[in-house]
Amino acid sequence: MKNIRWGIIGCGNVTEVKSGPAFQLAENSSLQAVMRRNGEKAQDYAQRHGVPSWYDKAEDLIHDNEVDAVYIATPPSSHREYTIMAADAGKPVYVEKPMAGSTDECAEMIKACENNGVPLFVAYYRRSLPRFRKVKELLDAGSIGEVRFASIQQTQPIVQKDENGEWPWRVNPEKSGAGLFYDVGSHTLDLFDYLLGPLSDVKGSAVNLADAYPAEDTVSGTWKFESGAVGIGVWNFSSYNKEDDNRIVGTKGEITFSTFDDKPIILLNEAGEESVYIEHPKHIQYYHIQSIIDELLGRGTCPSTGKTAFRTNQVMEELVKEYY
């Protein structure tokens, strides 16, 4: 196989800029088909993005002989169903984050892909972005010595209802698995897993302080890393402002950076303070998608798999379990 032909299940907003065009821009890749339950919207997307085929049923896209691999960009509540369907058809799977609404569903997805001999990748694309790979490079080079602790602080104002007066699916636990913590908090937890190793001894608390929607809006927690270093985090999605700060402190200095904000990495050690800015690509999943293609073609590896993403679901589930 010299070229990977992709099919997208769920060609909604996330695929307009973040991911969809990257399948067409990556080397040895093309976007062959898209699917959305609303056929008119699927056709519109296909026409605007120059995609040959469109469908309104997922099984039709999956069984299209011109589709080699499937990208699932629907809400988490359908990730398990579509992953198993694609795996049973022998198609490699790339699924959006969070991987699923529960660890049980994640385990079923992993098993289905293993049983059918197909790889499973997850869209924790920050693992592939040059900016965060630079953070890992600094850590691995000992720029701050031995890591002692890491902290996460993320806040934002409460989300608004949509044009129909409904809360977004991201704060509907039946569709998302929990609240915004699962949708956006997962990125930083997975990033810390990548930077410092798996998280263990996880303890947390989740509450709904604003009492606006069914899901939790505030989560806090502690954990340990493989090295013995400790971690703390707090996420509040009913705050007065937007804040996104990560800090890793070691025996010789510290690194601060943001998961979502377009800010430089700040390295502080005995040599002084250094600011490193690395721009993200326009289509932010580009490098991650290229890494998947490279692995499928036997010339590289993708840093985010079903097994790494399963760990992130485990951590999140532990942090919010008291609420649910």
Expected output: side-chain Thr15 to main-chain Gly12 donor-acceptor under 3.5 Å: yes
Listed once per pair and sorted, the side-chain hydrogen bond (donor to acceptor under 3.5 Å, both in side chains) pairs that draw on residues 169-181, sequence neighbours left out: Arg170-Asp183
Side-chain ion pair, Asp261 and Lys242, N-O less than 4.0 Å: yes
Over all atoms of both residues, closest heavy-atom pair of Trp235 and Gly185: NE1-CA, 3.8 Å
Geometric class of the Phe192/Phe257 ring pair [parallel <30°, tilted 30-60°, perpendicular >60°]: tilted
Side chains of Asp245 and Thr256 in contact at under 4.5 Å (non-hydrogen atoms): no
Test item: Gln24 side-chain N/O and His49 main-chain N/O as donor-acceptor pair under 3.5 Å: yes
Test item: side-chain donor near acceptor, Glu317 and Tyr324, under 3.5 Å: no
Cluster companions of Tyr240 among Ile, Leu, Val, Met, Phe, Trp, Tyr (side-chain spacing under 4.5 Å): none
Check: Leu209 main-chain N/O paired with Asp217 side-chain donor or acceptor under 3.5 Å: yes
Side-chain H-bond candidate by donor/acceptor type, Asp193 with Thr308, under 3.5 Å: no
Donor-acceptor under 3.5 Å (Asp201 side chain, Lys224 main chain): no
Heavy-atom donor-acceptor pair, Lys136 side chain to Tyr194 backbone, under 3.5 Å: yes
Heavy-atom pair of closest approach, residues Ala58 and Tyr82: CB-CE2, 3.3 Å
Aromatic ring pairing Phe260/His187, orientation class (parallel under 30°, perpendicular over 60°, tilted between): perpendicular
Which residues share a ring pair (Phe, Tyr, Trp, His ring centres under 6.0 Å) with Trp6, sequence neighbours left out: Phe23
Thr83, Ile9, Val122, Ile62 screened by side-chain contact (heavy atoms from CB on, under 4.5 Å) with Val93, the one that passes: Thr83
Candidate pair Met316 and Thr312, rule side chain to side chain contact (heavy atoms under 4.5 Å, CB included), full reasoning: CA-CA 6 Å; Met316 294 191 298; Thr312 297; 4.3 Å; yes
Rounded distance (nearest 0.5 Å) linking atom SG of Cys113 with atom CG of Asp88: 9.0 Å
Under 3.5 Å donor-acceptor, Asp56 side chain and Arg36 backbone: no
Asp244-Ser258 side chain donor-acceptor pair, cut-off 3.5 Å: yes
Distance-minimising heavy-atom pair for Ala73 and Glu96: CA-CG, 3.8 Å
Worked verdict on Ile293 versus Glu27 for side chain to side chain contact (heavy atoms under 4.5 Å, CB included): CA-CA 8 Å; Ile293 294 162; Glu27 186 179 350; over 6 Å; no
Any donor-acceptor N or O pair under 3.5 Å, side chains Tyr213, Asn208: no
Interatomic spacing from OH in Tyr124 to OG1 in Thr188 - rounded to 0.5 Å: 10.5 Å
Value rounded to 0.5 Å, distance of CD in Gln285 from CZ in Arg126: 9.5 Å
OH-CG distance between Tyr45 and Asn38, expressed to the nearest 0.5 angstrom: 15.0 Å
N/O donor-acceptor pair under 3.5 Å between His280 side chain and Arg131 backbone: no
Stepwise salt bridge (Lys or Arg N to Asp or Glu O under 4.0 Å) check, Lys111 with Glu114: CA-CA 5 Å; Lys111 183 177 180 181; Glu114 288 179 343; over 6 Å; no
Closest non-hydrogen atom pair between Leu319 and Leu189, with its separation: CD1-CD1, 4.2 Å
Tyr71 and Tyr94 aromatic ring geometry - parallel, tilted or perpendicular at 30°/60° bounds: parallel
Check against side-chain hydrogen bond (donor to acceptor under 3.5 Å, both in side chains), Thr259 and Asn246: CA-CA 7 Å; Thr259 303; Asn246 305 314; 2.8 Å; yes
Criterion side chain to side chain contact (heavy atoms under 4.5 Å, CB included) on His283 and Val17, from CA distance to verdict: CA-CA 6 Å; His283 309 291; Val17 177; 3.9 Å; yes
Considering all heavy atoms, the nearest Cys106-Ala100 contact: SG-CB, 3.9 Å
Residue pair Ile110 / Phe310: nearest heavy atoms and the distance that separates them: CD1-CB, 3.9 Å
Under 3.5 Å: donor-acceptor pair, side chain of Arg127, backbone of Pro303: yes
Full working for side chain to side chain contact (heavy atoms under 4.5 Å, CB included) between Asp44 and Arg48: CA-CA 6 Å; Asp44 174 68; Arg48 287 187 294 106; 2.8 Å; yes
Donor-acceptor under 3.5 Å (His79 side chain, Thr74 main chain): yes
Heavy-atom donor-acceptor pair, Asp68 side chain to Arg5 backbone, under 3.5 Å: yes
Worked verdict on Ser30 versus Asn3 for side-chain hydrogen bond (donor to acceptor under 3.5 Å, both in side chains): CA-CA 7 Å; Ser30 62; Asn3 189 65; 3.3 Å; yes
Heavy atoms of other groups near Glu146 CD, more than 12 under 6.0 Å: no
Salt bridge (Lys or Arg N to Asp or Glu O under 4.0 Å) between Lys321 and Glu318, intermediate numbers included: CA-CA 5 Å; Lys321 70 178 184 180; Glu318 190 66 29; 2.7 Å; yes
